[in-house]
Each structure stands twice: as structure tokens, then as C-alpha cells.
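Start at 1 and go down the list; that is how both ligands and their atoms are numbered.
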Amino acid sequence: MDNVQIFKMTLSDLEEIKDILFSDFNDFWNINVFKNELLNPNSQYIVAKINNKVVGYAGLWKAVDDMHITNIVTAKNFRRQNIGSILLSKLIEIAMADKDIDSITLEVNSNNVAAQKLYEKFNFKIVGLRKKYYNNVDDAIIMTLNMRDISQSIKNQIINI
Ligand SMILES: CC(C)(COP(=O)(O)OP(=O)(O)OC[C@H]1O[C@@H](n2cnc3c(N)ncnc32)[C@H](O)[C@@H]1OP(=O)(O)O)[C@@H](O)C(=O)NCCC(=O)NCCS
């Protein structure tokens with residue numbers, strides 16, 4: 001999909017999607033949590049837009065030498081069209097540009113195969129498991145990408161997206 005554009009996410013982007021976070025994006029984030037995240041100086045959020053309409057978003061939280069992916073979501077009607085990959089590439093690019101960062105880490109629900117496949121595509125490796133992390137029921141898989149392990153093929157993939 002070649003008409004996807006990535007921007008820094010703003011409060012007006014959030015305003016645009018605040019009422020459809022659950023219905024169109026399956027996101028469980030509370031609007032106030034999201035707003036605080038956008039205003040947090042340690043966070044960086046990006047949006048993917050097609051024809052000026054938000055079709056996805058993703059965020060990072062910087063913790064000393066690690067970037068934590070807090071969220072990455074594509075609108076339901078736009079999934080499997082490479083938008084998640086474009087968002088993740090951009091997050092990796094942001095982390096690569098920060099000399100303090102050694103790794104990128106995230107938690108993903110053990111039932112969330114789509115997201116795990118997306119991360120595997122970018123060479124993230126499973127490094128741990130948090131039992132009953134989600135609602136005291138589902139396990140979280142912890143996945144990490146070490147910056148030194150970013151292969152040339154991943155770099156090429158990022159540049160070509
Ligand atoms: C995970 C998510 C962001 C992927 O977004 P997307 O725009 O569909 O991703 P892409 O089209 O770039 O797909 C990238 C790869 O992920 C994998 N993938 C994506 N959806 C998949 C699915 N339903 N089943 C299996 N693999 C899937 C594939 O390997 C795919 O590569 P391919 O199309 O070359 O086979 C999207 O499914 C989503 O928003 N889910 C709900 C929110 C969420 O769970 N976020 C992750 C929180 S940790």
C-alpha cells in the first residue's frame with residue numbers, strides 16, 4: 001500500500017478516533033490514559049494515515065536504554081495491508097536513531113498470533129513469559145529486538161517500506 005503516510009501523533013488525531021477506539025481499532029485503551037501517553041515526554045506516538053484519515057497508530061516509551069512498544073494497532077478494515085509493518089518499521093527507525101537505545105521490548109498476549117508474527121517478521125525474539133498478565137487470565141510473551149542484532153535484511157526491509 002503506497003499511499004500510507006506516517007506522522008507524529010497529535011491530540012487532534014486522538015480526537016478524531018476517540019469514539020471509535022474500540023469499535024474500529026479493537027483498542028481497550030481508555031481515552032485519558034491515551035491522552036496522558038501523548039503528553040508524556042518519555043513517549044513517542046506515530047499515526048499512519050491514508051487520505052488524511054487515521055488507519056493505525058503505535059507508540060514507544062523510552063526507559064533508559066530500552067524502548068518499550070506500548071501499543072501498535074491497525075484499524076480493523078485495513079489489516080493485512082502492511083500498515084502494521086510500516087508502523088513497526090518506523091518505531092525501529094526511531095530507536096535506531098537514538099544512540100542510548102540497546103533494545104526494543106514489548107509484551108504480547110500469548111493468544112495474539114497476528115502480532116507475534118508481525119514481530120517475528122522483524123526478528124524480535126521471545127525472551128520471557130509473564131503468567132496471567134492480562135486480566136489475570138492470559139499469559140504475556142515478552143519479545144525483544146536487540147539493536148545490534150538488526151540484520152542488513154531488516155534494515156533493507158525498513159528502507160524499502
Ligand atoms: C497486529 C496488527 C497491528 C498487525 O497489523 P497489520 O496492519 O495487519 O500488519 P501487516 O499487514 O503489516 O502484517 C504483517 C505480518 O504480520 C502477520 N500477520 C498479520 N495479521 C495476521 C493474522 N491475522 N494471522 C497471521 N499472521 C498475521 C503476517 O506475518 C504479516 O505478514 P504477511 O502479510 O507478509 O504475511 C493488527 O492485527 C492489529 O491491530 N491487532 C490488534 C491490536 C494488537 O493486537 N496489537 C498488538 C499489541 S502487542
Do me a favour and list the nearest non-hydrogen protein atom to [atom] with residue, atom name and distance?
atom                    : answer
atom 11 (O) of ligand 1 : Asn82 N, 2.8 Å
atom 47 (C) of ligand 1 : Tyr119 OH, 4.1 Å
atom 41 (C) of ligand 1 : Arg79 NH2, 3.5 Å
atom 4 (C) of ligand 1  : Leu118 CD2, 4.1 Å
atom 34 (O) of ligand 1 : Lys121 NZ, 3.8 Å
atom 18 (N) of ligand 1 : Ala114 O, 3.7 Å
atom 19 (C) of ligand 1 : Arg80 CD, 3.5 Å

Spacing of CZ belonging to Arg79 relative to CG belonging to Asn82, to within rounding of 0.5 Å: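 Nearest 0.5 Å value for the CZ-CG distance: 14.5 Å.
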
Identity of the nearest option to atom 43 (C) of ligand 1, non-hydrogen atoms only, from Val113, Thr74, Val73, Ile72: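 When every heavy atom of Val113, Thr74, Val73, Ile72 is considered, Ile72 comes closest to atom 43 (C) of ligand 1.
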
Among Gly84, Ser89, Ser85, Ala140, closest by any non-hydrogen atom to atom 13 (O) of ligand 1: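 Ranked by closest heavy atom to atom 13 (O) of ligand 1, first place is Ser85.
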
Member of Lys49, Lys18, Lys8 meeting the side-chain hydrogen bond (donor to acceptor under 3.5 Å, both in side chains) criterion with Asp13: Lys49

Counting each atom of ligand 1 from 1 as listed, which ones have a heavy atom of [X] under 4.0 Å away?
X      : result
Ala115 : 1 (C), 46 (C)
Asn112 : 43 (C), 44 (O), 46 (C)
Gln81  : 11 (O)
Lys117 : 17 (C), 26 (N), 29 (O)

More than 12 heavy atoms of other groups within 6.0 Å of [X] [atom1]:
X      : atom1 : result
Asn51  : CG    : no
Asn135 : CG    : no
Trp29  : CH2   : yes

Heavy-atom gap Glu107 to ligand 1 smaller than 4.0 Å: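 Distance cut 4.0 Å: Glu107 passes for ligand 1.
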
4.0 Å heavy-atom contact, Phe25 with ligand 1: no

Do you see a donor-acceptor pair shorter than 3.5 Å between the side chains of [X] and [Y]?
X      : Y      : answer
Asn71  : Asp27  : yes
Thr144 : Lys125 : no
Asp66  : Ser103 : yes

Close side-chain approach of Asp139 to Arg130, heavy-atom, < 4.5 Å: no

Output field: ring centroids Phe34/Tyr57 closer than 6.0 Å: yes

Any protein heavy atom < 4.0 Å from atom 2 (C) of ligand 1: no

